[in-house]
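Take a look at the structure below.
In what follows, chains are A, B, ... by sequence order, proteins preceding strands, each numbered from 1.
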Amino acid sequence: MDIPILKLSMLKKYFPYKKGSFVKAVDGVSLEIFRGETLGLVGESGSGKSTVAYTIVGMYEPTKGQILYNDQDISSLYKFRSNEIKGKIRIVFQDPNSSLNPRRTIRQILFTPLKLHKNDRYKGFPASPEALLEEVGLSSIYAYRFSRSLSGGERQLVAIAHAIATNPDLVLLDEPTSALDVSIQAKVINRLMDLQNRYKLSYLFITHDLSLMRNVAHRVAIMYLGKICEIARTKEFFEKPLHPYTQMLLSSIPVVTDEEEQLKPKKITSRGEIPSPVNIPPGCSFHLRCPFATDQCKKLDPDMKELEAHHYVRCHLY
Amino acid sequence: MSSEVLLEVKDLNVYYRVYEGLMHVLDDVSFSLVEGERLGLVGETGCGKTTTFRALLRVLDSNASSKGDILYKGCNVNKMSQTELLNTRRTEMSMIFQDPTSSLNPVFTVGEQISSVIRANLQAKGINYSENDIKDIALKALSDVLLPDPERIFDSYPFQLSGGMRQRICIAMSVATERKLLLADEPGTSLDVTIQAQILGLLNNLVKTTGMSVILATHSLGVVRETTDRVCIMYGGEIVEIGPTRSLFANPSHPYTRALLACVPKLTGEGIAEGIPGEMVSYLNPPKGCRFQPRCSFCNEDCNRTKPKLTLYEDDHYVACHKADL
């Protein structure tokens, strides 16, 4: 766990908006992902988590900042990347209904990445669509079906098979289970964990479900209005949340047992909504919803501080 | 809480006529609701929560037919005439639909939409009103749901507002005039956790202050645990377990309830269960006995043959399972 497989440094992505103003979707994100690690990226809708993933995979070109894959700069659009890089960083989208081509059979869908990345795979990796299907726990008879005859969970598993077909290092999971029921989610998550152990995959797991991250992630990062406001190892993160926004998120989670109730911070009740990323408030972007906000917070944007080992917070309180 | 029964549903069956045949979706659903009670309806996608709501209000699709008794204050909703039905909908019951974006009309302002609801209610009650009264009621409703700057929102179109604000407007529409029963279909699902917490807190306050009853349909067990007095667990169009929220969560006894609870990721970080094997029932050809039996690890021949009835398990806590004491 020493050299990060992926490193983002001060990544920014602005989208032009009316008359010279910008939607600051990602506004200076720095993070590292190591081999075999799951990093949970959590935030409300509109916080820019998906934009981070789309930029890493090359669907957007970063406005500023760098994306380093194994110390190699890959901050370019997908079409300018080498075939090898394309195969090493893969993505699974939220909605499997729209990410699978309805006119192609599952076999045809899975065959494309296998064909394009024939030379990048090592021996013993599943090399046929049928083997890939079995790898994610689906029966190989599904190969000749169309995606419409599969259930939501099965479709998502096909999307996962498609992502791992090129023997990647890093898989970006963009809310892979938020469209699924909990019982199906459990199956998909278990399968993902299984694949991670077997192939030493790294995951960037984008979600808004903190309870899921408690069970899945090695480290968790919280994003708010294009910035990361807290990042820590999962255990410390949940035992000692420091940022007021993290505490607010944690205290808003509806839980099902009394033991969990004990673990929720009681301090903060939720108020307000996430502001528009066009007019990000000056100073700390969270100060409008923060009960501890002072004059300093209104003026000055706090810096990221390492308070304990591997526990970073962006807040004036500390 | 008074103990007067407000709504009683007896053996409600709903069928959908589709190309492949007849789908038997709701199968003998029975429950009752007393005044001021908050009842949760929990189950996975396609278990019949929304169908139950639509049957209660008689707004089912044209290919559906419903059988059974829905007694609202002693009157059978299924046998009401059109006028009685309209009056009930205008003055007694209201529903919050799942998706606030598609349940608001994009070409009318929020004010026009909320006013038309209030106007219909006042007309049905036979109260004289002026347009100013209506606007006052509407503005009060908008501020009741904690929307900032009600005047501005009254004049804006739904697309100018965020998802959380639209959901609040839907709630404001349902509670603008006094109602006895609120049917809330997944009111927090499309929202972020922080906004969801605000919306649920709001609903709770409204129930406390106005004394109305709520049926809350959701697939989130956590939400139900925090906002209801009693819970129905639904599976495949049947109620498999019903009981007081506390005792049901402390002591779930139907195998489905237990499996579902095990699948929910916990903050304690104890890992994730394997999920429930098998697939949701096919309503075209549901299993003969217990509908959960093909996926159940405790099933025996009994479960295959006869359908279990809701039987008393402990105080006010009923379970439909042959093996409930396992």
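Separation of atoms CD (Glu270(B)) and CD (Glu259(A)) is listed at 7.5 Å; rounding is to 0.5 Å. Atom OG of Ser151(A) is separated from atom CE of Met280(B) by 12.0 Å, given to the nearest 0.5 angstrom.
Judged by distance alone, with hydrogens and angles left aside, the side-chain atoms of Glu260(A) form a donor-acceptor pair with the main-chain N or O of Leu267(B) at under 3.5 Å. A distance-only check finds a donor-acceptor pair linking the side chain of Lys187(A) to the backbone of Ile276(B) [under 3.5 Å]. Under a 3.5 Å cut-off, the side chain of Asp192(B) and the backbone N or O of Ser45(A) do form a donor-acceptor pair.
When side chains are defined from C-beta on, Val216(A) counts as touching Ile272(B), because their heavy atoms get closer than 4.5 Å. Side-chain contact check for Pro265(B) versus Gln185(A): some heavy-atom pair is nearer than 4.5 Å. In this structure, the side chains of Ser183(A) and Glu44(B) come closer than 4.5 Å at one or more pairs of heavy atoms.
Contacts of Leu263(A) with chain B are made by side-chain atoms alone, with heavy-atom separations under 4.5 Å and no backbone atom involved. For chain B, no part of Glu239(A) is nearby; none of its heavy atoms comes within less than 4.5 Å. With a threshold of 4.5 angstrom between heavy atoms, Glu274(B) approaches chain A through its backbone and through its side chain. Both the backbone and the side chain of Met165(B) come within less than 4.5 Å of a heavy atom in chain A.
Here the shortest heavy-atom pairing between Gly222(B) and Pro254(A) reads C-CB, 3.3 Å.
The 12-atom threshold is not exceeded at CG of Asp315(B), counting heavy atoms of other residues, nucleotides or ligands nearer than 6.0 Å.
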Determine whether Lys266(B) and Glu261(A) satisfy the following criterion, salt bridge (Lys or Arg N to Asp or Glu O under 4.0 Å), listing intermediate values before the conclusion.
CA-CA 10 Å; Lys266(B) 313 275 188 320; Glu261(A) 206 76 64; over 6 Å; no
For Thr257(A) and Thr268(B): C-alpha separation, side-chain torsions, deciding distance, then whether side-chain contact (heavy atoms from CB on, under 4.5 Å) applies.
CA-CA 10 Å; Thr257(A) 59; Thr268(B) 43; 5.5 Å; no
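Of the listed residues (Ile184(A), Leu210(A), Asp181(A)), the one with the most heavy-atom contacts under 4.5 Å to chain B is Asp181(A). When each of Glu44(A), Arg289(A), Met248(A) is checked for heavy-atom pairs under 4.5 Å with chain B, Glu44(A) comes out on top. Ranking Arg214(A), Met193(A), Gln262(A) against chain B, the residue ahead of the rest is Arg214(A), based on heavy-atom pairs under 4.5 Å. In terms of non-hydrogen atom pairs under 4.5 Å with chain B, the most contact-rich of Ile189(A), Asp258(A), Ile253(A), Thr234(A) is Asp258(A).
Inspection of non-hydrogen atoms places Arg246(B) of residues 231-248 of chain B under 4.5 Å from chain A.
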